[in-house]
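We number each residue from 1, following the sequence as shown. The basis for the numbers below is simple: all heavy atoms, side chains too, and nothing from hydrogens, waters or symmetry mates.
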Amino acid sequence: MIPRLKVRAEFLAASKAAWQARPGVVVQAKKRDDDAIKVGFTATRKIGNAVVRNRAKRRLREAAEAMIPQFGLPGHDYVLIARADTVSRDWKALLDDVKAALIRLARPKAPKPEDTTQETKTVR
């Protein structure tokens with residue numbers, strides 16, 4: 001079982017970090033100081049009542065247990081956010097969404113291209 005994020009401050013810190021959205025899930029990833037991996041789950045009232053939100057979180061927990069040990073980076077916190085399609089999405093498609101988001105988050109960011117145009121000063 002992967003350790004869980006439980007404190008609101010941890011969720012807020014992850015919300016300011018890198019994220020990837022897929023049709024079935026949004027995954028946020030924040031670097032930690034140690035090598036542990038922690039996972040948090042959330043579902044807003046926008047996706048449905050308590051029954052729907054709980055079902056969505058159960059599906060996300062199972063998907064995280066299957067995918068994060070393989071594709072998650074050590075030393076990161078992950079937050080999986082349920083979307084409207086999380087409950088109705090095919091199980092394989094949901095696993096593919098989580099996998100694709102984790103792989104994309106694991107890739108380092110490409111450096112921004114430097115501005116090579118030279119500014120000229122006008123002498124008056």
- Looking at residues at least two apart in the chain, or sitting in another chain, which of them share a side chain to side chain donor-acceptor pair (under 3.5 Å) with Q20?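 Listed in chain order: R22.
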
Which pairs of donor and acceptor atoms, one on a side chain in residues 92-106, lie under 3.5 Å apart (sequence neighbours left out)?
| from | atom 1 | to | atom 2 | distance (Å) |
| --- | --- | --- | --- | --- |
| D97 | OD1 | R89 | NH2 | 3.4 |
| D97 | OD2 | G24 | N | 2.9 |
| D97 | OD2 | R89 | NE | 2.6 |
| D97 | OD2 | R89 | NH2 | 3.4 |

Would you name the heavy atoms of [X] and [Y] that are closest together and state the gap between them?
{"X": "P69", "Y": "A64", "value": "CD-O, 3.5 Å"}
{"X": "K57", "Y": "A43", "value": "CG-CB, 4.0 Å"}
{"X": "Q28", "Y": "I81", "value": "NE2-CD1, 3.5 Å"}
{"X": "A82", "Y": "I47", "value": "CB-CD1, 3.8 Å"}

- Would you find a donor on one side and an acceptor on the other, under 3.5 Å apart, between the side chain of N49 and the backbone of V52? yes

Looking at side-chain heavy atoms only, is the closest gap between [X] and [Y] below 4.5 Å?
{"X": "W91", "Y": "E62", "answer": "yes"}
{"X": "L12", "Y": "R8", "answer": "yes"}
{"X": "V26", "Y": "R83", "answer": "yes"}
{"X": "V79", "Y": "L5", "answer": "yes"}

- Message: I'd like to know if V25 and I2 are part of one continuous hydrophobic network [Ile/Leu/Val/Met/Phe/Trp/Tyr, side-chain heavy atoms within less than 4.5 Å].
- Response: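 In one cluster: yes.
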
- Item | Step-by-step side chain to side chain contact (heavy atoms under 4.5 Å, CB included) determination, R61 to R58 | CA-CA 5 Å; R61 279 194 292 270; R58 280 195 307 270; 3.2 Å; yes

Could you list the donor-acceptor pairs under 3.5 angstrom formed between side-chain atoms of residues 34-41 and any protein atom two or more places apart in sequence or on another chain?
| from | atom 1 | to | atom 2 | distance (Å) |
| --- | --- | --- | --- | --- |
| D34 | OD1 | R32 | NE | 2.8 |
| D34 | OD1 | R32 | NH2 | 3.3 |
| D34 | OD2 | R32 | NH2 | 3.3 |

- Message: side chain to side chain contact (heavy atoms under 4.5 Å, CB included), that's the test. Do L60 and T86 meet it? Break it down for me.
- Response: CA-CA 8 Å; L60 290 179; T86 303; 4.0 Å; yes

